[in-house]
Amino acid sequence: MSRNVSKRNVALYGLLCVLCVPFVFPTWWMVTSSMKPISEIFSESLLPSEWTFSTYSQVFRMQPFGQQYWNSLYIAVIVTVGTMAVAALAGYAFARIRFPGQNALFVVVLTGLLIPSEVTIVPLFQLFQSLGLTNTHWPLIIVPIFGAPCVLAIFIMRQFFIALPPELEEAARMDGLGRAGIFYRIALPLSRPALGAVAIFTFLHSWNLYLEPIVYLSTPDMFTLPQALTQFVDIYGGPMFNVQLAAATMTAVPILVVFVLAQRQFIEGLAHTGVKG
């Protein structure tokens with residue numbers, strides 16, 4: 001019996017390794033190609049014939065990449081924290097506080113998922129231009145936190161809070177806690193799995209944001225990473241693929257770190273976020 005089990009495990013792990021190839025190979029190609037001469041980028045070799053790390057230093061010489069990296073990082077952190085706060089408050093209100101028109105208002109909020117960002121970007125640009133906020137990072141912070149990108153986070157938090165047993169709130173009221181105390185001391189600490197899922201979704205969305213920075217930002221010092229990756233070109237305007245891949249490799253690091261740190265909360269958050277209510 002143990003031999004059969006071990007054979008099944010070997011077969012299962014072998015199958016998983018095969019299935020991982022389409023996901024791992026692009027990352028492997030990106031990292032190794034960033035260390036190749038540009039003439040070998042599209043060769044059939046999986047490894048460079050001559051390993052070179054000069055492309056990584058070239059990234060910082062061609063662009064203010066350190067500043068651009070910091071721009072993306074601090075914007076993504078602020079947007080993530082702000083979205084978690086707004087989504088937790090709004091999700092709890094929709095799940096636990098009864099008020100007239102609650103369901104209708106929630107449907108209106110959900111319609112934000114149906115509106116493409118391309119539809120609203122022109123009026124938003126005109127609004128921020130009238131306020132003198134173009135070529136600043138404020139549009140990239142305000143719109144994701146209070147706009148349509150926050151709707152999915154609100155939905156996830158609402159579904160999680162609906163699933164909480166009502167006996168928890170009843171016991172907290174008997175102990176003298178009010179609505180704010182129940183939220184901060186009972187509901188919010190229990191919502192860590194859902195908040196982990198929201199954090200990953202939000203950080204990934206903000207980190208990869210491309211269209212909005214192109215519209216709002218115009219100077220290299222203000223660029224974020226997705227916009228900066230398009231600026232690595234030679235004197236003839238042709239793309240420098242090895243330098244771009246080196247920049248892309250460094251760009252992917254924070255995403256991997258965030259997912260590794262929050263993957264358990266991410267999986268638990270999706271598992272606890274059902275369709276109840």
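Note that the structure is predicted; figures quoted are calculated from it, not measured.
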Visitor: Would you call Phe94 and Met157 a side-chain contact if the rule is heavy atoms closer than 4.5 Å?
Guide: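 Side chain of Phe94 against side chain of Met157, heavy atoms only: no contact under 4.5 Å found.
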Visitor: Within the 4.5 Å heavy-atom criterion, are Val59 and Gln63 side-chain neighbours or not?
Guide: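 A side-chain contact under 4.5 Å is absent here.
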Visitor: With sequence neighbours left out, which residue pairs that include part of residues 208-231 fulfil the ring-ring contact (aromatic ring centres under 6.0 Å, His included) condition?
Guide: Phe128-Tyr216
Visitor: Nearest 0.5 Å, what's the CD-CZ distance between Gln67 and Phe60?
Guide: 12.0 Å
Visitor: I'd like to check Gln231 versus Pro220 (side-chain heavy atoms, cut-off strictly below 4.5 Å). Are they in contact?
Guide: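 Of all side-chain heavy-atom pairs linking Pro220 with Gln231, none is under 4.5 Å.
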Visitor: Any non-hydrogen side-chain atom of Phe161 less than 4.5 Å from a side-chain atom of Ser191?
Guide: yes
Visitor: Quick check: is Trp28 connected to Phe53 through a chain of hydrophobic side chains (ILVMFWY, heavy atoms under 4.5 Å apart)?
Guide: yes
Visitor: Flag yes if Val253 and Phe232 sit in one hydrophobic cluster, no otherwise; membership is Ile, Leu, Val, Met, Phe, Trp, Tyr, and two members link when side-chain heavy atoms are under 4.5 Å apart.
Guide: yes
Visitor: Are Ser206 and Ile75 packed together at the side-chain level, in the sense that at least one heavy-atom pair is separated by less than 4.5 angstrom?
Guide: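 Yes, close enough: below the 4.5 Å cut-off.
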Visitor: Assigning hydrophobic clusters by single linkage (Ile, Leu, Val, Met, Phe, Trp, Tyr; side-chain heavy-atom cutoff under 4.5 Å), is Leu19 placed with Trp29?
Guide: no
Visitor: Tyr92 vs Arg179, test: side chain to side chain contact (heavy atoms under 4.5 Å, CB included). Steps then yes/no.
Guide: CA-CA 10 Å; Tyr92 183 80; Arg179 178 65 69 181; 3.2 Å; yes
Visitor: Would you list the pairs meeting salt bridge (Lys or Arg N to Asp or Glu O under 4.0 Å) in which at least one residue belongs to residues 236-252, sequence neighbours left out?
Guide: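 Listed by first then second residue: nothing to list.
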Visitor: To check you understand the geometry: which heavy-atom pair defines the closest contact between Asp221 and Asn71, and what is its length?
Guide: O-ND2, 2.8 Å
Visitor: Determine whether Glu118 and Leu211 make a side-chain contact, defined as any pair of heavy atoms from C-beta on separated by less than 4.5 Å.
Guide: yes
Visitor: Taking C-beta and beyond as the side chain, do Ser34 and Met30 meet within less than 4.5 Å on heavy atoms?
Guide: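 No; the side chains remain at least 4.5 Å from each other.
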Visitor: Show the nearest heavy-atom pair for residues Ala76 and Trp207, with the distance to one decimal.
Guide: CB-CE3, 4.2 Å
Visitor: Looking at every non-hydrogen atom in both residues, tell me the closest pair between Asn242 and Pro37 and how far apart they are.
Guide: ND2-C, 4.2 Å
Visitor: How about CZ on Phe99, more than 12 heavy atoms from neighbouring residues, nucleotides or ligands closer than 6.0 Å, or not?
Guide: yes
Visitor: Relative to each other, are the rings of Phe106 and Phe155 parallel, tilted or perpendicular (30° and 60° limits)?
Guide: parallel
Visitor: Using 0.5 Å steps for rounding, measure from the CH2 atom of Trp70 to the CG atom of Leu225.
Guide: 12.5 Å
Visitor: If every non-hydrogen atom of Asn135 is compared with every non-hydrogen atom of Ser218, which pair is closest and at what distance?
Guide: OD1-N, 3.0 Å
Visitor: Is the OH atom of Tyr184 crowded by more than 12 outside heavy atoms at less than 6.0 Å?
Guide: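 12 or below, so no.
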Visitor: List the atom of Gln102, the atom of Ala93, and the distance in Å for their closest heavy-atom pair.
Guide: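 In terms of heavy atoms, the two residues are closest at NE2-O, 3.7 Å.
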Visitor: Assigning hydrophobic clusters by single linkage (Ile, Leu, Val, Met, Phe, Trp, Tyr; side-chain heavy-atom cutoff under 4.5 Å), is Leu195 placed with Leu190?
Guide: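 Leu195 and Leu190: one cluster.
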Visitor: What residue among Val198, Thr80, Val79, Asn208 forms side-chain contact (heavy atoms from CB on, under 4.5 Å) with Phe203?
Guide: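 So, applying the side-chain contact (heavy atoms from CB on, under 4.5 Å) to Phe203 and each of Val198, Thr80, Val79, Asn208, only Thr80 qualifies.
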Visitor: Would you say Val107 ends up clustered with Leu113 if hydrophobic residues are merged whenever their side chains have heavy atoms under 4.5 Å apart, either directly or through other cluster members?
Guide: no
Visitor: So, for Ile182 and Glu169, which heavy atoms are closest and what is the spacing to 0.1 Å?
Guide: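 Smallest interatomic distance, heavy atoms only, reads CG2-CG, 3.7 Å.
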Visitor: Side-chain contact, heavy-atom cut-off 4.5 Å: Leu140 with Pro213?
Guide: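 Yes, side chains in contact.
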Visitor: Calculate, to the nearest 0.5 Å, the distance between atoms CZ and OG belonging to Phe65 and Ser57 respectively.
Guide: 12.5 Å
